[in-house]
Amino acid sequence: MQRENNLIISIGAVLMLLPIWWIAYRNTNFIADPFVVAAALPDFLMQPDTWSNIAITLYRVALGLAGGVVLGTLAALAMTQSKLAEQVLAIYVTTALRTPSAIAAIMALAIFRGAEIGYIVVVMFITFPFMAVGLRDGLKSADKDLAEAAQIYRLGPLRYIRHVLLPFIAPFIFSALRNAHALAWKVIVVAEIFGAARIGFGAQFDHAWEYMQMVQVHLWLLVFMAIVLAVEYGVLRVAERHVFRWRA
Amino acid sequence: MTGNKDTVLKVEGLGVSYAGNPAIASLDFEIKRGEFVAILGPSGCGKSSMLNVISGLLPPTRGVVEVENLPLYDAGRAAPKLGYVFQAHRLLPWRTVKQNLELVLAASDVPKDRWEGNIDRLLDILHIRQFKDSWPLQLSGGQRQRVSIARALLVDPSYILMDEPLSTLDEVTARSLRQELSGIWARTGATIVFVTHSIREAVYLADRIIILTRGPSTVFENYHVPIARPRAYDDPMIGEVEADIVRRVEGAWGLEPVKPREVA
Amino acid sequence: MTGNKDTVLKVEGLGVSYAGNPAIASLDFEIKRGEFVAILGPSGCGKSSMLNVISGLLPPTRGVVEVENLPLYDAGRAAPKLGYVFQAHRLLPWRTVKQNLELVLAASDVPKDRWEGNIDRLLDILHIRQFKDSWPLQLSGGQRQRVSIARALLVDPSYILMDEPLSTLDEVTARSLRQELSGIWARTGATIVFVTHSIREAVYLADRIIILTRGPSTVFENYHVPIARPRAYDDPMIGEVEADIVRRVEGAWGLEPVKPREVA
Amino acid sequence: MALSTPLQGAAMTPRRKVGTDRNVRLLGVTLAVASLFAIWTVLSITVRPWVPTPYDTALAMGRQLVSHSFYDNLFLTLGRVAAAFVAASIVGAVLGIAIGMNRKVEAFFQPLLALALAVPDPVFIIFAILALGTGEAAGFVALTMAVAPFVSNIVRSSVQARDKGLDEMTKIYRIPADKAFWVSLVPQLVPALLTAARFSFALSWKLVVVVEAIGQPDGIGAAIFHSFRLLRMREVLAIAILFIILMQLLEKGVLGRVEKRLLRWRQ
Amino acid sequence: QDVPEVRIQAVAGSLGGVPLMVMEAEGLDEKHGFAGVFELLPSDSAAQNFLIGNSDIAMDNDIIGVSIARTEGFDVTAFYPVGNLYMGIVVPGDSDAETPEDLIGMNVGHFGADSGTTMFIRSIVQEMYGFDVLEEYNFSQVGPAALVPLLESGDVDAIFNFESYVSEAMLATEGRYLLQAGSDYAEFTGGFAPWITNMVAHTSWLQDNPELAYAVRDAYDEAIAIMSESGYEILREDYIVSGLGITSPEVLDVLIENASTFDYFTNEWTPEIIEGGYGFLEGLAEEGLVITEVPEGVMVRLEDLVGEPDA
Ligand SMILES: Nc1ncnc2c1ncn2[C@@H]1O[C@H](COP(=O)(O)OP(=O)(O)OP(=O)(O)O)[C@@H](O)[C@H]1O
Ligand SMILES: Nc1ncnc2c1ncn2[C@@H]1O[C@H](COP(=O)(O)OP(=O)(O)OP(=O)(O)O)[C@@H](O)[C@H]1O
Ligand SMILES: O=C([O-])O
Ligand SMILES: [Mg+2]
Ligand SMILES: [Mg+2]
């Protein structure tokens, strides 16, 4: 019951954007007519091209994000386990953290000569420090009492990480993941735009923007939002509910 | 170092300070294999600190702790198996009762096909079988404490450290568990160090009671319980010994008198 | 509704369920102004749940709870002043003992110039004055519990709910605190609901003991303690009443027999 | 009972002496800088002329340090980063707390936040410019809108993980809500708030580069982009490195100190 | 078949892409013995795409950009011209401004101080009127396409842009050129005006593929011949209209008129022209606004670099 009510609120919040969109359309030059966009949507979604572009970007994001998460997690673990590693990695993390996305994109494209791996590396490079910082801060707040219990029962490092540490820092993991995921999408767009990608969401979006095809621009934005919402509600929330079911 | 084969735990001149403030002044005692030792001491005298040192969690500030004739931090040997009932339960809130127990089994050498049976037996003894699939946050204080006891007993420990394990249980449940604990100890021959505030409980359970002074603590008395086993909790003998100890500790722990006052 | 001016707390058909599982079946009792009532019940029978309902933290699943002749959740009235010693201490770890206490004073109407004096007096009574500037993480289990007691007494409460407040204290300290608590109760006329597992403690302190059954609980017995005040903890009378209650509860709480077994 | 668990969580790592700490720090910095330098040198040889040599970059850094425009740009950008950082941190924290405390508020804002996160930065910035013109306001609004959702995500997670026992305690002792907020909730959120501040700071900077590249003729980001358009990669790197060092010092100095102070109680 | 592939790029929406579209539509690549891979790329990334090596020939690079790239160690060179200066400053029809000086202190939109369009207009205004637009104008910066609605809505008083956006802007605002970079500058210098775009390639590619370079050049010659023979009416073809992103027939009318008036494409690549180009660059270098030196090899004739074509 509670959950259904909340669902209605959520849907209401999204629907509320429609009149805002319409008002914006009436009052500015660049916002497309929502009705025109809606009318164009079915055709847009019927085109196989639309889906192949989404697929390639999804692929880049998925691999890059996975790499960023793994790398960031390893870095965070290393940083909390060894003072030396913390010092060394802190500088790497800072460097990555502060590198403007567009510069990273161009460099990766130059280094990998425009190969597919370049896009994946950019996403990885930009998301990993955010994962690392989020998790390191979580690990730093790890519960001493539980660590001691793990030590007494000789859980060993792997079990300790998996069953004590990770659940404890799960809130940090989720916020880091959520943010890294959003960032990955932002970065891939920057990378596809500045990296002159031929296919992919960013390429299509930029192409439409270049030609001021505002209906197309809006269609791509809608697709983009749909994907991110789907991940939020289809993956992150579901996982969160499962992981935190003990909170009763 | 002593070659006494029977002495498995030796504490010599043990001192613990926190940031320079002494919590334990100096403790000396030995514990023999299979002995059931109770620790009695006023609140804040350093009992939990002492268990933390013995278990290897807390490095001592001063003194020597030897376990099985080797210094506490001897890295070379395989650590003896330990069960520890912490003063606060320290269960993982994100794992059900069963999952909390399975976790320590997985880290032990108990074969997997015996897990379920062992868990069920212990949960029966502790009267919490029906909470096997509950989350810790769904349990009452006493139920959580009992899960923590189950965890400590589950791993076939040769040493069991217990920090006021029965303090949050009602008298009937506590009696039943004292009896079970006695039985487990007799059957397994484990060495048990048992911190309690209940003097009667100490007398009923222990071979010997180490009575500590107020903190920073020293050993006030090594009290051998002169009652043969099996013992009955309501045995008047136990009451007599209890009364004797109460007299001693009243002298030893005697509170500084607090001036008469108004409290709003 | 009853017009009885003396009844300040009335519980009728109170039931509590968690996600459909009953913890309290149905409780009925009344408490008079200034009464000292102890609650005895087996672990997990719903004592903490009951205190949470009375304090307004937990909405009851069924039944009526009236405080001073008004339904518990009557929004119109100023809530009566309440002290609550939780089963787990619930101190703010980032505030020192003194700061934890000042926090509740600031929310009360105690004038600021009496804070320091009140805090010091209570810390003296509880024998923890020297920890005034310590962080909770630096305290022993019993010390934390005592800070939590100090907090509950500090705000001039007209109702005091205590959930096993003395369970983690040694006998000598506990005795001293029982005596102090008796004194505070007598002086202030507060209404006290006191959950304990120590039957002797209940007999020593309370006018009346509400004995609960195993969970989902009902009231097993309303036991009026037939001993005049002032009472002495070692008074044989108290021992007799204790023995009487033990007999009753053993019958009432009797554990399901557990089959003989081996535990590793 | 020599128990050793190789991995014990940071909280258990024994404190080392100050002198050792300093040595480790020095060694760490040396290792990191040396390895980065090695990677850079290799790249400058293999990915010529995209990656400039460290030497050329050092010269360019020197030139920047003595040029007026560098400092003008620096202060402009620092001001923008600071304004966006503060605004995004406050807006994000307030939202995050509201969402974490109340399921209904969460239900309302969470999809909107997810959407806000999904909007590519250039789009934010372009629409802000179109709506507000190319003045400072557009950049500020775009930055705040883009960064605040990140902050609120972090804060929300932490609010939901709070100790509800403490909520009950403050309720019993009738601590007024605003007071309870500051003494009970906020301290629990400190680790998350610090993380959020780091995020916010880092993202503000990343975005300011995009903002300045797209919509502002001045500032460090514009200077970097201008240099990039002119393919002066050594200038790009020189400006970026100088600014990164400065930001790092700021973050360490301010956040590091705040963190130490706020987490005293954990010893 | 085994026809060698040549990857040729132009900036999307820019006139520099039109010869590519014609080549593709008329099959001029096959005809001249290569398989063209024609790509129209967004302006944000076109330059680095080419520099990275993702295409062989770029149609939209100007000689200032080539100078900059060469100075920075990219061995690229302009081997043929493409577009005349089909750009300038556009004001709405009702604007009071008569010369660029009248815009001083006013709001002007452009798409980046580092764009060829702004750089050329800046240096031409500097030379003709003696002031630096970057100092004197109040600039707003958005992408080239977005500049049109900005001018239309009155947010800016003038824009710097290239075709076809110039035509779009003129139609939208009944506007006019305040400065037509090519013709106004030619008038000022008494004949010479630089051109805006070139065919640019890496020198190594030209040396490795001389016959392909010639083939592309020939295809281009043929393409612009087709255009001019049609009186630029060929611009009405659907593939060009969509390739340029032209939104209405009226824009097309303006564009065709502009094209006939200002003659937007060129293939004059004589030593004298190249000389003039260097002269222009040196002038820029002296002012030191965007470049400070003129490297060698910015412009080459294929004949000089790889020898005469095989017959
Ligand atoms: N949040 C909860 N969710 C589900 N079940 C709960 C929850 N809290 C308590 N229970 C269950 O309700 C029953 C009563 O719990 P409660 O804490 O009130 O017992 P208690 O009498 O205080 O026990 P103890 O003496 O051990 O503290 C128990 O069986 C417990 O498992
Ligand atoms: N981490 C700490 N930092 C500083 N002081 C501490 C710390 N832990 C314990 N102490 C102090 O050391 C003394 C002994 O504490 P300990 O917990 O060992 O007592 P205890 O005998 O177990 O008491 P209780 O019966 O109340 O649990 C106490 O005075 C306590 O304040
Ligand atoms: O600027 C970005 O980090 O996307
Ligand atoms: Mg203790
Ligand atoms: Mg309870």
Side-chain angles (χ1 to χ4, degrees), chain A residues 2 6-7 9-10 13-14 28-30 80-81 83-84 86-88 91-92 94-95 97-103 107 110-111 130 133-134 137 139-142 144 147 150-152 154-157 160-161 165 171-172 174-175 178-179 182 185-186 189-190 193 205 221 224-225 228-229 232, chain D residues 3 5-12 16 21 24-25 27-29 31-33 36 43 47 50 103-104 107-112 114-115 117-123 127 130-131 150 153-154 156-158 160-161 191 194-195 198-199 202 205-206 209-210 213 221 224 228 236 240 244 247-248:
Chain A
Q2 187 63 32
N6 288 345
L7 190 67
I9 295 178
S10 296
V14 176
T28 64
N29 266 317
F30 291 82
T80 44
Q81 287 312 302
K83 269 253 174 303
L84 184 61
E86 178 173 11
Q87 291 299 328
V88 174
I91 290 181
Y92 274 85
T94 304
T95 307
L97 199 60
R98 305 254 185 265
T99 306
S101 313
I103 303 282
M107 284 303 187
I111 291 169
F130 286 97
V133 167
D137 288 355
L139 288 169
K140 276 194 174 167
S141 69
K144 179 168 168 271
Q151 188 179 346
I152 288 297
R154 293 196 263 151
L155 294 193
Y160 171 67
I161 291 174
L165 204 52
F172 285 87
F174 270 102
S175 60
R178 192 172 255 123
N179 284 342
W185 282 101
K186 285 180 190 269
V189 174
V190 172
I193 290 177
F205 178 82
L221 272 179
F224 200 53
M225 291 177 164
V228 178
L229 273 190
E232 168 75 26
Chain D
L3 293 153
T5 302
L7 202 130
Q8 312 179 336
M12 292 205 57
R16 246 164 280 204
D21 262 6
V24 169
R25 192 170 316 150
L27 178 63
V29 171
L31 275 178
V33 171
L36 274 178
L43 284 179
V47 197
W50 289 99
R103 292 271 163 203
K104 291 216 159 38
F108 183 80
F109 277 107
Q110 198 58 34
L112 299 183
L115 288 179
L117 282 173
V119 177
D121 298 335
V123 176
F127 279 108
L130 295 176
F150 287 92
N153 268 342
I154 297 174
R156 173 196 88 115
S157 287
S158 178
Q160 287 175 344
L194 289 168
T195 307
R198 291 206 179 87
F199 247 82
W205 148 245
K206 273 189 195 256
V209 173
V210 180
I224 288 179
F228 173 72
V236 169
I244 286 171
M247 299 260 300
Q248 192 57 14

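Lettering follows sequence order; numbering is per chain, from 1.
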Does D:Asn153 offer a backbone N or O that forms a donor-acceptor pair with the side chain of A:Ser175 under 3.5 Å?
no
Just so I know, are the side chains of A:Met225 and D:Val119 near enough to count as touching, which here means a heavy-atom distance under 4.5 Å?
yes
When every non-hydrogen atom of D:Ala202 is compared with those of A:Leu97, the smallest separation belongs to CB-CG, 3.6 Å
Working to the nearest 0.5 Å, report the span between CD of D:Gln110 and CD1 of A:Ile9.
13.0 Å
Tell me, with the steps shown, if D:Leu31 and A:Leu84 meet side chain to side chain contact (heavy atoms under 4.5 Å, CB included).
CA-CA 9 Å; D:Leu31 275 178; A:Leu84 184 61; 4.1 Å; yes
Are the side chains of D:Leu115 and A:Val228 in touch, meaning some heavy atoms are under 4.5 Å apart?
no
Please examine the side chains of A:Asn6 and D:Lys104, heavy atoms only from C-beta on, and report whether any two atoms are closer than 4.5 Å.
yes
Considering only heavy atoms from C-beta outward, does the side chain of D:Pro120 approach that of A:Ile193 to under 4.5 Å?
no
A:Asp137 side, atom CG; D:Leu194 side, atom CG - distance, nearest 0.5 Å
7.0 Å
Residue pair A:Pro171 / D:Ala161: nearest heavy atoms and the distance that separates them:
CG-CB, 3.7 Å
Which distance, rounded to the nearest 0.5 Å, do you find between the CZ of A:Phe130 and the OG1 of D:Thr195?
12.0 Å
Proximity breakdown for D:Arg198 and chain A, heavy-atom pairs closer than 4.5 Å:
side chain
Relative to chain A, which segment of D:Val209 carries a heavy atom at a distance below 4.5 Å: side chain, backbone, both, or neither?
side chain
Quick check: do A:Asn179 and D:Phe199 have side-chain heavy atoms less than 4.5 Å from each other?
yes
Kindly indicate whether the side chain of A:Pro100, heavy atoms from C-beta on, has any atom under 4.5 Å from the side chain of D:Trp205.
yes
Can you tell which of D:Ala114, D:Ser158, D:Pro111, D:Gly221 has the highest number of heavy-atom pairs within less than 4.5 Å of chain A?
D:Pro111
Taking side chain as C-beta onward, heavy atoms only, is D:Met247 less than 4.5 Å from A:Thr94?
no
Would you mind checking which part of A:Leu221 comes under 4.5 Å of any heavy atom in chain D, side chain (CB onward), backbone (N, CA, C, O), both or neither?
side chain
Measuring from D:Leu36:CG to A:Thr95:OG1, what's the distance to the nearest 0.5 Å?
5.0 Å
For the CD1 atom of D:Ile154 and the CZ atom of A:Phe172, what is their distance to the nearest 0.5 Å?
9.0 Å
Quick one: what part of D:Ala240 sits under 4.5 Å from any heavy atom of chain A, side chain, backbone, both or neither?
neither
Would you say that A:Arg98 contacts D:Lys206 through its side chain, given a criterion of any heavy-atom pair below 4.5 Å between the two side chains?
no
Below 4.5 Å from any heavy atom of chain D, which atoms of A:Leu7 appear? Answer side chain, backbone, both or neither.
neither
Kindly compute the distance separating NZ (A:Lys186) from CZ (D:Phe150), expressed to the nearest 0.5 Å.
5.0 Å
